[in-house]
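Only this structure's heavy atoms are used, side chains among them; waters, hydrogens and symmetry mates stay out. Computed from a predicted model, the values in this text were never measured in an experiment.
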Amino acid sequence: MCTVWSVRSHLVPLLPALRALLTGGADVLVVTTPALAGEVAATGARAVPMLRDPEGASDGPDYGSPLSNALAAVQAAAGLRRRADELIELAREFRPDVVIRDDTEFAGYLAAERLGLPLVCLAGAMSNALDPAAISVVIDDYRRDLGLPALADPGGLYPGPVLDYLPEELSVAVHPPKRALRFRQPQWDEPDSALPESVAAAPAGRPVVFAAIGTAWRTWREQPGGSRHGSGAQLGARRKHGGRPGESPEDAVRTLLDALSRVDCAALVSTGGMDCAGMPRADHVTVRDLVPQRLVLQASALFCTHGGYNSIREAVRAGVPMLVRPSTMDQPSNAEAVARLGLGSVTLGLGADELADRIRQALADTELAERAAWARRRTLALPPVETLPDVLHSELLPA
């Protein structure tokens with residue numbers, strides 16, 4: 001049984017595992033939200049749209065931490081207690097051997113703990129970057145309601161292995177898991193995808209620079225100071241790198257388009273649906289709402305990214321250096337990791353002139369390109385995710 005909710009980016013790391021399990025003959029039930037149920041069902045898995053995204057505001061106890069308070073409000077607004085009860089009953093009927101959950105989805109966690117089921121967590125923003133102690137104090141209240149003891153160690157949020165698609169030496173986790181199942185980042189093309197003509201027609205010798213900001217920018221206005229859950233990571237990164245607190249996604253994209261317009265390259269910018277009318281843009285800069293990112297990365301010399309974890313992994317898999325301008329959640333810590341690993345640099349706070357210079361420097365940096373190629377080789381050395389069913393049987397299930 002798998003559980004995933006909220007936005008599509010949470011589903012992305014589950015899809016390869018889901019395909020592997022189905023190909024291996026497993027009977028898979030995916031508990032999700034109505035918005036994600038269609039894509040889940042298209043894989044051949046059974047989708048149960050039982051989960052709900054948060055609706056409205058919900059007041060709760062003061063845990064003394066902005067992150068804890070925000071998490072408590074989100075989970076209460078999503079009806080976590082009720083969803084956990086429903087999921088426990090569903091699990092009793094379905095009788096899964098193992099539960100695989102999105103790291104932000106806790107009904108699956110509580111059901112697995114209540115029924116004593118092996119639990120696998122997908123690596124993501126919460127497990128990688130957010131303080132487990134601040135999360136566990138909230139989840140402990142739900143554990144007590146279900147007759148479970150409070151966690152003696154915040155690491156109990158991840159009692160089983162974390163499933164990740166990067167090797168340990170390339171991990172971006174601020175809080176490394178006690179145990180991990182690591183597989184090769186899948187490289188599959190999106191259905192009916194085609195390389196955009198502006199990239200395919202780029203002449204030899206002219207580098208392709210790909211930029212994407214994801215879709216999380218839509219939630220920026222709902223976040224105090226642009227920092228979701230009040231984690232402070234975003235503002236801390238801005239102070240360190242000279243960024244402007246509260247920089248809007250629109251300002252960041254305007255600066256990016258202006259900078260790319262000054263660089264001799266073929267640039268493709270995926271805006272996630274942002275209206276870029278009136279922003280500066282030279283003829284060699286193509287703007288699209290959405291593009292087949294994994295395919296475009298294979299043709300790119302440089303990736304300008306917001307620093308979401310899916311994007312980081314896909315760039316490493318393609319061997320593409322990165323320039324990261326983070327905004328929220330795990331993006332600031334991911335950006336720090338990219339710089340620490342020698343796979344790129346952080347561009348937060350750079351104006352158009354400075355950013356254009358940084359892009360030129362990155363394109364000319366042979367050492368950076370070699371480091372990105374090394375990271376790709378290390379990722380390719382991991383076992384394929386198609387071996388997941390055998391790994392689960394050998395490591396989690398009784399003989």
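Neither Val174 nor Leu71 shares a network with the other; the hydrophobic side chains, linked directly or stepwise wherever heavy atoms of I, L, V, M, F, W or Y lie under 4.5 Å apart, form separate groups for each. With hydrophobic clusters built from ILVMFWY side chains whose heavy atoms lie under 4.5 angstrom apart, Phe303 shares a cluster with Leu341. Under a hydrophobic-cluster definition in which Ile, Leu, Val, Met, Phe, Trp and Tyr are linked whenever side-chain heavy atoms come within less than 4.5 Å, directly or via other members, Leu380 and Leu297 are assigned to different clusters. Val28 is connected to Val120 through a chain of hydrophobic side-chain contacts under 4.5 Å among Ile, Leu, Val, Met, Phe, Trp and Tyr, so both are in one cluster. Residues Leu146 and Ile139 share a single hydrophobic cluster, defined by chaining ILVMFWY side chains whose heavy atoms lie under 4.5 Å apart.
Side chain of Ser68 to main chain of Ala134: a donor-acceptor pair is present (N/O by atom type, distance under 3.5 Å, no hydrogens or angles). In terms of modelled atom types and a separation under 3.5 Å, the side chain of Glu39 and the main chain of Leu36 share no donor-acceptor contact. At least one donor-acceptor pair closer than 3.5 Å links the side chain of Trp5 to the backbone N or O of Thr104. In this structure a side-chain-to-backbone donor-acceptor pair under 3.5 Å is missing from Thr33 to Asp53. Between the side chain of Arg317 and the backbone N or O of Gln185 there is at least one donor-acceptor pair closer than 3.5 Å.
When all heavy atoms of Gly64 and Asn69 are compared, the closest pair comes out as N-OD1, 4.0 Å. What you find for Pro321 and Ala301 is that their closest heavy atoms are CD-O, 3.5 Å. Taking every heavy atom of both residues into account, Leu157 and Ser136 meet most closely at CD1-N, 4.0 Å. Taking all atoms of both residues into account, the shortest heavy-atom contact from Gly342 to Leu368 is O-CD1, 3.5 Å. Taking every heavy atom of both residues into account, Val40 and Ala47 meet most closely at CG1-CB, 3.7 Å. In terms of heavy-atom proximity, Val324 sits nearest to Gly307 at CG1-CA, 3.6 Å.
Judged by the 6.0 Å distance and 45° axis criteria, Arg101 is positioned over the aromatic ring of Phe106. Relative to the ring axis of Tyr142, Arg144 does not place its NZ or CZ within 45° and under 6.0 Å from the centre.
Here the CD1 atom belonging to Ile213 is positioned 10.0 Å from the CD atom belonging to Gln331, to the nearest 0.5 angstrom. Here the straight-line distance linking atom CZ of Phe210 with atom CG of Leu295 works out to 10.0 Å at 0.5 Å rounding. The distance from atom CD1 of Ile100 to atom CG of Leu396, rounded to the nearest 0.5 Å, is 9.0 Å. Rounded to the nearest 0.5 Å, atoms CD (Gln293) and CG (Leu268) are 10.0 Å apart.
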**OP:** With side chain to side chain donor-acceptor pair (under 3.5 Å) as the test, would you mind laying out the steps for Arg358 and Ser345 before giving the verdict?
**Re:** CA-CA 9 Å; Arg358 184 72 62 85; Ser345 63; 2.9 Å; yes

**OP:** Applying side chain to side chain contact (heavy atoms under 4.5 Å, CB included), run through Met274 and Met279 and close with a yes or a no.
**Re:** CA-CA 11 Å; Met274 181 185 293; Met279 294 186 185; 4.3 Å; yes

**OP:** Assess whether side chain to side chain donor-acceptor pair (under 3.5 Å) is satisfied between Glu105 and Thr3, documenting all intermediate values.
**Re:** CA-CA 7 Å; Glu105 198 293 297; Thr3 63; 2.6 Å; yes

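Pairs passing the side chain to side chain donor-acceptor pair (under 3.5 Å) check and including a residue from residues 111-131, sequence neighbours excluded, read Asp103-Ser127, Glu113-Arg143.
Between Met322 and Val316, some side-chain heavy-atom pair lies under the 4.5 Å cut-off. In this structure the side chain of Leu350 never reaches within 4.5 angstrom of the side chain of Thr255, judged on heavy atoms. Side chains of Arg206 and Asp264 form a contact here, defined as non-hydrogen atoms less than 4.5 Å apart. Between Tyr63 and Asp141, some side-chain heavy-atom pair lies under the 4.5 Å cut-off. Residues Cys2 and Leu14 form a side-chain contact, since some pair of their non-hydrogen atoms from C-beta on lies under 4.5 Å apart. A heavy-atom distance below 4.5 Å is found between the side chains of Leu256 and Cys304. No side-chain heavy atom of Thr32 sits less than 4.5 Å from a side-chain heavy atom of Val48. Between Pro383 and Arg184, every side-chain heavy-atom pair lies at or beyond the 4.5 Å cut-off.
Salt bridge annotation for Arg378-Glu169: present, with a cationic side-chain nitrogen under 4.0 angstrom from a carboxylate oxygen. Remark: Glu89 engages Arg92 in a salt bridge, criterion side-chain N to carboxylate O under 4.0 Å. Between Glu386 and Arg19 no salt bridge is recorded (no basic side-chain N to carboxylate O distance below 4.0 Å). Taking the charged nitrogens against the carboxylate oxygens, Glu250 and Arg254 have no contact shorter than 4.0 Å, which rules out a salt bridge. Checked for salt-bridge contact, Arg360 and Asp365 miss the test: no charged N lies under 4.0 Å from a carboxylate O.
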Which donor-acceptor pairs under 3.5 Å do side chains of residues 74-81 form with protein atoms, sequence neighbours excluded?
{"unit_1": "Arg81", "atom_1": "NH1", "unit_2": "Asp85", "atom_2": "OD1", "d": "2.5"}
{"unit_1": "Arg81", "atom_1": "NH1", "unit_2": "Asp85", "atom_2": "OD2", "d": "2.7"}
{"unit_1": "Arg81", "atom_1": "NH2", "unit_2": "Asp145", "atom_2": "O", "d": "3.3"}

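Of the residues listed (Asp164, Leu382, Leu388), the one engaging Phe183 in a side chain to side chain contact (heavy atoms under 4.5 Å, CB included) is Leu388, and it is the only one.
By the 6.0 Å contact criterion, CZ on Arg82 is open, its count of non-hydrogen atoms from other residues, nucleotides or ligands being 12 or less. In this structure, Arg95 places its CZ atom where only 12 or fewer heavy-atom neighbours from other residues, nucleotides or ligands lie under 6.0 Å away. Counting heavy-atom neighbours within 6.0 Å of Glu168 CD, excluding the residue itself, gives a total of 12 or less.
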